[in-house]
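Quick note on labels: first sequence line is chain A, next is B, and so on, each numbered from 1. What's counted below: heavy atoms across the whole structure, side chains too, no hydrogens, waters or symmetry copies.
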2 protein chains.
Amino acid sequence: MKIGELAKLTGVSVRSLRYYESQGLISPVRLANGYREYSPLAVETVETIKLYLNLGLTTEEIAGFLHCVLKNKEAFCAEVMPLYESKLKEIERQLHQLTQIKLNLEERMASIRRERELSGAETLAKAGEEGF
Amino acid sequence: MKIGELAKLTGVSVRSLRYYESQGLISPVRLANGYREYSPLAVETVETIKLYLNLGLTTEEIAGFLHCVLKNKEAFCAEVMPLYESKLKEIERQLHQLTQIKLNLEERMASIRRERELSGAETLAKAGEEGF
DNA sequence: ATAGACCCTGACACCAGTGTCAGGGTCAAC
DNA sequence: GTTGACCCTGACACTGGTGTCAGGGTCTAT
(Lines give C-alpha, C1' and ligand atoms only; values in the text may rest on other atoms or scores of the structure.)
Protein backbone atom coordinates (compact mmCIF):
# COMPACT_ATOMS: atom_id res chain seq x y z
CA MET A 1 0.00 0.00 0.00
CA LYS A 2 1.07 3.58 -0.46
CA ILE A 3 1.77 6.10 2.26
CA GLY A 4 -1.59 7.84 2.13
CA GLU A 5 -3.42 4.62 2.62
CA LEU A 6 -1.27 3.64 5.57
CA ALA A 7 -1.86 7.09 7.04
CA LYS A 8 -5.61 6.60 6.80
CA LEU A 9 -5.50 3.12 8.25
CA THR A 10 -3.41 4.13 11.22
CA GLY A 11 -4.54 7.67 11.84
CA VAL A 12 -0.91 8.82 11.67
CA SER A 13 -0.11 11.70 9.34
CA VAL A 14 1.91 11.21 6.19
CA ARG A 15 4.43 13.62 7.61
CA SER A 16 4.88 11.46 10.70
CA LEU A 17 5.24 8.25 8.72
CA ARG A 18 8.06 9.82 6.78
CA TYR A 19 9.60 10.98 10.03
CA TYR A 20 9.45 7.49 11.52
CA GLU A 21 11.23 6.22 8.45
CA SER A 22 13.96 8.84 8.82
CA GLN A 23 14.40 7.62 12.39
CA GLY A 24 14.83 4.06 11.22
CA LEU A 25 11.54 2.77 12.61
CA ILE A 26 10.03 1.52 9.39
CA SER A 27 11.55 0.79 5.99
CA PRO A 28 9.14 0.54 3.09
CA VAL A 29 10.46 -0.60 -0.25
CA ARG A 30 10.50 1.88 -3.09
CA LEU A 31 8.67 1.47 -6.35
CA ALA A 32 10.29 2.38 -9.63
CA ASN A 33 8.68 5.81 -9.47
CA GLY A 34 10.10 6.49 -6.04
CA TYR A 35 6.86 5.94 -4.16
CA ARG A 36 7.01 4.13 -0.82
CA GLU A 37 5.32 0.74 -0.86
CA TYR A 38 4.25 -0.63 2.53
CA SER A 39 3.47 -4.23 3.38
CA PRO A 40 0.17 -4.85 5.17
CA LEU A 41 2.24 -5.67 8.26
CA ALA A 42 3.24 -2.01 8.37
CA VAL A 43 -0.12 -1.26 9.96
CA GLU A 44 0.81 -3.32 12.98
CA THR A 45 4.27 -1.77 13.05
CA VAL A 46 2.82 1.73 13.11
CA GLU A 47 0.33 0.79 15.80
CA THR A 48 3.22 -0.54 17.84
CA ILE A 49 5.13 2.68 17.34
CA LYS A 50 2.11 4.68 18.46
CA LEU A 51 1.83 2.55 21.55
CA TYR A 52 5.42 3.20 22.56
CA LEU A 53 5.22 6.89 21.77
CA ASN A 54 2.19 7.03 24.05
CA LEU A 55 4.32 5.53 26.78
CA GLY A 56 6.58 8.54 26.52
CA LEU A 57 9.41 6.84 24.65
CA THR A 58 11.22 8.74 21.94
CA THR A 59 11.59 7.48 18.40
CA GLU A 60 15.27 6.97 19.05
CA GLU A 61 14.56 4.77 22.04
CA ILE A 62 11.91 2.84 20.16
CA ALA A 63 14.35 2.24 17.34
CA GLY A 64 16.55 0.34 19.77
CA PHE A 65 14.12 -2.51 20.31
CA LEU A 66 11.28 -2.21 17.81
CA HIS A 67 12.51 -4.92 15.51
CA CYS A 68 12.80 -7.28 18.48
CA VAL A 69 9.29 -6.72 19.81
CA LEU A 70 7.85 -7.09 16.34
CA LYS A 71 9.35 -10.55 16.17
CA ASN A 72 9.07 -11.71 19.76
CA LYS A 73 7.07 -11.04 22.87
CA GLU A 74 8.13 -7.90 24.63
CA ALA A 75 9.40 -9.88 27.60
CA PHE A 76 12.06 -11.48 25.45
CA CYS A 77 13.60 -8.19 24.45
CA ALA A 78 16.28 -7.39 26.97
CA GLU A 79 16.41 -3.72 26.05
CA VAL A 80 12.87 -3.05 27.13
CA MET A 81 12.91 -3.37 30.91
CA PRO A 82 15.83 -1.03 31.63
CA LEU A 83 14.23 1.50 29.34
CA TYR A 84 10.90 1.22 31.10
CA GLU A 85 12.61 1.55 34.43
CA SER A 86 14.49 4.68 33.55
CA LYS A 87 11.44 6.14 31.87
CA LEU A 88 9.40 5.44 34.98
CA LYS A 89 11.98 7.17 37.14
CA GLU A 90 11.92 10.15 34.84
CA ILE A 91 8.14 10.32 34.97
CA GLU A 92 8.14 10.07 38.73
CA ARG A 93 10.61 12.92 38.84
CA GLN A 94 8.36 15.02 36.65
CA LEU A 95 5.31 14.11 38.69
CA HIS A 96 7.10 15.18 41.83
CA GLN A 97 8.16 18.45 40.30
CA LEU A 98 4.70 19.22 38.95
CA THR A 99 3.13 18.34 42.26
CA GLN A 100 5.51 20.71 43.98
CA ILE A 101 4.61 23.50 41.61
CA LYS A 102 0.93 22.74 42.08
CA LEU A 103 1.28 22.99 45.85
CA ASN A 104 3.14 26.29 45.60
CA LEU A 105 0.55 27.63 43.23
CA GLU A 106 -2.34 26.60 45.47
CA GLU A 107 -0.59 28.04 48.45
CA ARG A 108 -0.19 31.41 46.77
CA MET A 109 -3.77 31.39 45.58
CA ALA A 110 -5.04 30.68 49.06
CA SER A 111 -2.84 33.42 50.42
CA ILE A 112 -4.21 35.93 47.94
CA ARG A 113 -7.76 34.96 48.77
CA ARG A 114 -7.10 35.39 52.49
CA GLU A 115 -5.57 38.77 51.90
CA ARG A 116 -8.47 39.92 49.75
CA GLU A 117 -10.98 38.96 52.37
CA LEU A 118 -9.19 41.10 54.88
CA SER A 119 -9.01 44.23 52.80
CA GLY A 120 -11.77 46.62 51.88
CA ALA A 121 -12.70 47.15 48.25
CA GLU A 122 -11.47 50.75 48.31
CA THR A 123 -8.01 49.62 49.31
CA LEU A 124 -8.02 47.40 46.26
CA ALA A 125 -9.26 50.22 44.09
CA LYS A 126 -6.48 52.60 44.98
CA ALA A 127 -3.75 50.02 44.46
CA GLY A 128 -0.85 51.77 42.86
CA GLU A 129 0.75 51.44 39.50
CA GLU A 130 4.10 51.28 37.86
CA GLY A 131 7.57 51.27 39.21
CA PHE A 132 10.68 49.23 38.72
CA MET B 1 26.10 47.38 39.45
CA LYS B 2 27.07 45.67 36.22
CA ILE B 3 25.56 42.54 34.79
CA GLY B 4 28.25 40.17 36.01
CA GLU B 5 27.80 41.31 39.57
CA LEU B 6 24.02 40.95 39.40
CA ALA B 7 24.51 37.47 37.98
CA LYS B 8 26.70 36.50 40.92
CA LEU B 9 24.31 37.98 43.47
CA THR B 10 21.27 36.22 42.06
CA GLY B 11 22.73 33.02 40.71
CA VAL B 12 21.18 33.78 37.34
CA SER B 13 23.43 33.62 34.29
CA VAL B 14 24.41 36.72 32.38
CA ARG B 15 22.75 35.15 29.37
CA SER B 16 19.46 34.84 31.21
CA LEU B 17 19.59 38.39 32.54
CA ARG B 18 19.92 39.65 28.99
CA TYR B 19 17.06 37.41 27.96
CA TYR B 20 14.83 38.77 30.73
CA GLU B 21 15.57 42.24 29.47
CA SER B 22 14.67 41.28 25.91
CA GLN B 23 11.35 40.02 27.29
CA GLY B 24 10.70 43.34 28.99
CA LEU B 25 11.12 42.05 32.54
CA ILE B 26 13.91 44.35 33.63
CA SER B 27 15.27 47.56 32.16
CA PRO B 28 18.71 48.62 33.31
CA VAL B 29 20.01 52.01 32.25
CA ARG B 30 22.95 52.13 29.92
CA LEU B 31 26.26 53.76 30.67
CA ALA B 32 28.06 55.86 28.09
CA ASN B 33 30.09 52.83 27.05
CA GLY B 34 26.98 50.77 26.44
CA TYR B 35 27.27 48.67 29.61
CA ARG B 36 24.09 47.85 31.52
CA GLU B 37 23.89 49.50 34.93
CA TYR B 38 21.54 47.87 37.44
CA SER B 39 20.10 49.46 40.55
CA PRO B 40 20.48 47.46 43.78
CA LEU B 41 16.72 46.89 43.62
CA ALA B 42 17.34 44.74 40.54
CA VAL B 43 18.38 41.93 42.87
CA GLU B 44 14.89 41.77 44.29
CA THR B 45 13.40 42.02 40.81
CA VAL B 46 15.42 39.08 39.59
CA GLU B 47 14.55 37.05 42.67
CA THR B 48 10.90 37.77 41.98
CA ILE B 49 11.30 36.66 38.37
CA LYS B 50 12.94 33.44 39.53
CA LEU B 51 10.07 32.81 41.88
CA TYR B 52 7.47 33.13 39.15
CA LEU B 53 9.48 31.07 36.69
CA ASN B 54 9.58 28.36 39.35
CA LEU B 55 5.80 28.47 39.48
CA GLY B 56 5.80 27.50 35.86
CA LEU B 57 4.94 30.91 34.44
CA THR B 58 6.57 32.04 31.23
CA THR B 59 8.51 35.28 30.90
CA GLU B 60 5.72 36.62 28.75
CA GLU B 61 3.15 35.93 31.43
CA ILE B 62 5.37 37.39 34.11
CA ALA B 63 5.83 40.53 32.05
CA GLY B 64 2.10 41.14 32.32
CA PHE B 65 2.08 41.75 36.05
CA LEU B 66 5.66 42.09 37.26
CA HIS B 67 5.38 45.87 37.47
CA CYS B 68 2.42 45.56 39.73
CA VAL B 69 3.74 42.93 42.13
CA LEU B 70 7.00 44.78 42.54
CA LYS B 71 5.09 47.82 43.68
CA ASN B 72 2.17 46.25 45.55
CA LYS B 73 1.21 43.08 47.30
CA GLU B 74 0.42 40.31 44.91
CA ALA B 75 -3.23 40.25 46.04
CA PHE B 76 -3.73 43.73 44.60
CA CYS B 77 -2.71 42.73 41.11
CA ALA B 78 -5.83 41.68 39.27
CA GLU B 79 -3.90 39.88 36.54
CA VAL B 80 -2.43 37.33 38.90
CA MET B 81 -5.40 35.22 39.97
CA PRO B 82 -6.72 34.31 36.52
CA LEU B 83 -3.20 33.42 35.50
CA TYR B 84 -2.71 31.19 38.51
CA GLU B 85 -6.03 29.55 37.86
CA SER B 86 -5.31 28.72 34.24
CA LYS B 87 -1.80 27.60 35.12
CA LEU B 88 -3.20 25.33 37.78
CA LYS B 89 -5.61 23.79 35.31
CA GLU B 90 -2.78 23.21 32.89
CA ILE B 91 -0.68 21.56 35.55
CA GLU B 92 -3.54 19.33 36.61
CA ARG B 93 -3.97 18.31 33.00
CA GLN B 94 -0.29 17.43 32.77
CA LEU B 95 -0.41 15.56 36.06
CA HIS B 96 -3.31 13.53 34.81
CA GLN B 97 -1.53 12.70 31.59
CA LEU B 98 1.70 11.75 33.31
CA THR B 99 -0.18 9.62 35.80
CA GLN B 100 -1.85 7.81 32.96
CA ILE B 101 1.48 7.12 31.31
CA LYS B 102 2.91 5.96 34.59
CA LEU B 103 0.05 3.49 35.06
CA ASN B 104 0.47 2.10 31.56
CA LEU B 105 4.19 1.78 32.05
CA GLU B 106 3.80 -0.03 35.36
CA GLU B 107 1.19 -2.30 33.86
CA ARG B 108 3.51 -3.33 31.06
CA MET B 109 6.42 -3.84 33.45
CA ALA B 110 4.30 -6.06 35.64
CA SER B 111 3.18 -7.97 32.62
CA ILE B 112 6.74 -8.57 31.50
CA ARG B 113 7.73 -9.73 34.96
CA ARG B 114 4.82 -12.16 35.07
CA GLU B 115 5.76 -13.54 31.72
CA ARG B 116 9.37 -13.97 32.71
CA GLU B 117 8.43 -15.84 35.85
CA LEU B 118 6.63 -18.42 33.76
CA SER B 119 9.76 -18.40 31.71
CA GLY B 120 9.38 -21.74 30.00
CA ALA B 121 9.63 -20.38 26.48
CA GLU B 122 6.81 -22.55 25.22
CA THR B 123 4.45 -21.69 28.07
CA LEU B 124 2.22 -19.32 26.21
CA ALA B 125 0.12 -18.06 29.07
CA LYS B 126 -1.77 -15.13 27.58
CA ALA B 127 -1.52 -13.17 30.81
CA GLY B 128 -0.71 -9.62 29.87
CA GLU B 129 -1.06 -8.40 26.37
CA GLU B 130 -1.52 -5.07 24.62
CA GLY B 131 -2.26 -2.42 27.21
CA PHE B 132 -3.98 -0.19 24.69
C1' DA C 1 51.20 49.43 26.48
C1' DT C 2 49.66 45.10 27.16
C1' DA C 3 47.33 41.27 29.55
C1' DG C 4 43.21 39.70 31.26
C1' DA C 5 38.73 40.33 33.07
C1' DC C 6 34.58 42.02 31.79
C1' DC C 7 31.17 43.94 28.54
C1' DC C 8 28.51 44.25 23.90
C1' DT C 9 25.43 42.12 19.88
C1' DG C 10 24.00 38.48 17.00
C1' DA C 11 23.27 33.93 15.99
C1' DC C 12 23.01 28.85 16.21
C1' DA C 13 21.83 24.65 19.01
C1' DC C 14 18.86 22.08 21.91
C1' DC C 15 14.35 18.96 22.77
C1' DA C 16 11.15 16.07 19.39
C1' DG C 17 7.51 15.44 16.85
C1' DT C 18 4.39 17.60 13.75
C1' DG C 19 2.38 21.15 10.53
C1' DT C 20 3.00 23.30 6.45
C1' DC C 21 4.84 25.31 2.30
C1' DA C 22 7.50 25.34 -2.04
C1' DG C 23 8.53 23.25 -6.17
C1' DG C 24 8.02 19.47 -8.77
C1' DG C 25 6.91 14.39 -10.44
C1' DT C 26 3.31 10.40 -11.33
C1' DC C 27 -0.82 8.35 -12.39
C1' DA C 28 -5.64 7.30 -13.51
C1' DA C 29 -9.87 8.74 -15.33
C1' DC C 30 -12.48 11.24 -18.36
C1' DG D 1 -4.36 15.76 -22.89
C1' DT D 2 -5.92 17.80 -19.09
C1' DT D 3 -7.57 17.70 -14.41
C1' DG D 4 -7.02 16.43 -9.82
C1' DA D 5 -5.53 13.28 -6.43
C1' DC D 6 -1.51 11.55 -4.76
C1' DC D 7 3.51 11.18 -4.29
C1' DC D 8 8.51 13.05 -3.72
C1' DT D 9 12.38 15.99 -1.16
C1' DG D 10 13.87 19.80 1.42
C1' DA D 11 13.28 23.23 4.56
C1' DC D 12 11.37 26.43 8.06
C1' DA D 13 8.42 27.10 12.28
C1' DC D 14 7.18 26.10 16.82
C1' DT D 15 7.94 25.76 22.32
C1' DG D 16 11.14 28.74 25.60
C1' DG D 17 14.82 29.33 28.45
C1' DT D 18 19.64 28.63 28.38
C1' DG D 19 24.49 27.41 26.73
C1' DT D 20 27.85 28.78 23.85
C1' DC D 21 30.56 30.73 20.18
C1' DA D 22 32.19 34.48 17.13
C1' DG D 23 33.90 38.87 16.67
C1' DG D 24 34.76 42.87 18.76
C1' DG D 25 34.86 46.90 22.45
C1' DT D 26 36.16 48.68 27.40
C1' DC D 27 38.44 49.00 31.61
C1' DT D 28 42.10 48.33 35.08
C1' DA D 29 46.36 47.09 36.90
C1' DT D 30 50.89 46.27 36.06
Side-chain angles (χ1 to χ4, degrees), chain A residues 1-38 42 45-64 66 83 86-87 90-91 93-94 97-98 101, chain B residues 1-38 42 45-64 66 83 86-87 90-91 93-94 97-98 101:
Chain A
M1 77 188 76
K2 294 206 286 300
I3 197 169
E5 196 182 344
L6 181 59
K8 267 194 198 107
L9 287 178
T10 59
V12 167
S13 73
V14 168
R15 175 69 179 85
S16 293
L17 291 176
R18 293 198 187 113
Y19 179 67
Y20 299 162
E21 182 179 348
S22 80
Q23 298 306 106
L25 295 184
I26 187 169
S27 301
V29 298
R30 294 302 182 113
L31 300 179
N33 58 17
Y35 288 15
R36 292 165 176 85
E37 176 66 24
Y38 294 90
T45 303
V46 174
E47 293 297 341
T48 305
I49 294 170
K50 282 169 65 176
L51 185 154
Y52 288 118
L53 285 176
N54 281 335
L55 283 179
L57 305 189
T58 68
T59 51
E60 190 184 354
E61 288 164 341
I62 297 171
L66 182 62
L83 199 46
S86 75
K87 193 58 63 170
E90 172 64 14
I91 285 175
R93 201 190 55 72
Q94 288 178 29
Q97 194 179 348
L98 275 183
I101 291 176
Chain B
M1 78 188 76
K2 293 206 287 300
I3 198 168
E5 194 180 347
L6 181 58
K8 264 191 201 113
L9 287 177
T10 59
V12 167
S13 73
V14 167
R15 174 71 179 86
S16 293
L17 291 175
R18 294 198 186 113
Y19 179 68
Y20 299 160
E21 180 178 351
S22 79
Q23 300 304 107
L25 295 183
I26 187 168
S27 302
V29 298
R30 295 299 183 117
L31 301 179
N33 58 14
Y35 287 14
R36 291 165 178 83
E37 176 67 23
Y38 293 89
T45 302
V46 173
E47 294 296 342
T48 305
I49 293 170
K50 283 170 64 176
L51 185 154
Y52 287 118
L53 285 177
N54 281 336
L55 283 180
L57 305 189
T58 67
T59 51
E60 189 183 356
E61 289 164 342
I62 296 170
L66 183 61
L83 200 46
S86 73
K87 194 57 64 173
E90 172 65 13
I91 284 173
R93 201 189 55 73
Q94 288 177 30
Q97 196 179 348
L98 275 183
I101 292 175

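Taking atom CG on Leu25(A) and atom P on dG17(C), their separation rounds to 9 Å, with Å as the unit. Separating the CD atom of Glu21(A) from the C1' atom of dG17(C) is a distance of 16 Å, rounded to the nearest angstrom. A straight line from CD of Gln23(B) to C1' of dG16(D) spans 9 Å, rounded to a whole angstrom. One can place CG of Leu53(A) at 12 Å from C1' of dT18(C), the figure rounded to the nearest angstrom. Following rounding to the nearest Å, Lys2(B) (NZ) and dC27(D) (P) show an atom-to-atom distance of 9 Å. We find that NZ of Lys50(B) is positioned 15 Å from C1' of dG17(D), with the value rounded to whole Å.
With hydrogens and angles ignored, no donor-acceptor pair under 3.5 angstrom links the side chain of Arg18(B) to the base of dT9(C). Checked by distance alone, Tyr19(A) brings no side-chain donor or acceptor within 3.5 Å of a matching partner on the base of dG19(C). Between the base of dG25(D) and the side chain of Tyr35(B) there is a donor-acceptor pair shorter than 3.5 Å.
Closest to the Thr58(A) side chain, of the nucleotides dT20(C), dC8(C), dG17(C), is dG17(C).
Annotation: of the two residues near DNA chain D, Asn33(B) and Glu60(B), the 5′-most nearest-nucleotide partner is Glu60(B). Heavy-atom nearest nucleotides on DNA chain C were determined for Ser13(A) and for Gly4(B), and the one closer to the 5' end corresponds to Gly4(B).
Salt-bridge annotation for Arg15(A) and Glu21(A): absent, with no side-chain N of the basic residue lying under 4.0 Å from a carboxylate O of the acidic one.
Within the 3.5 Å criterion, the main-chain N or O of Gly56(A) finds a donor-acceptor partner in the side chain of Lys87(A).
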Evaluation steps, salt bridge (Lys or Arg N to Asp or Glu O under 4.0 Å), between Lys50(A) and Glu47(A): CA-CA 5 Å; Lys50(A) 282 169 65 176; Glu47(A) 293 297 341; 3.6 Å; yes
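Side chains of Ser16(A) and Ser13(A): a donor on one and an acceptor on the other come within 3.5 Å.
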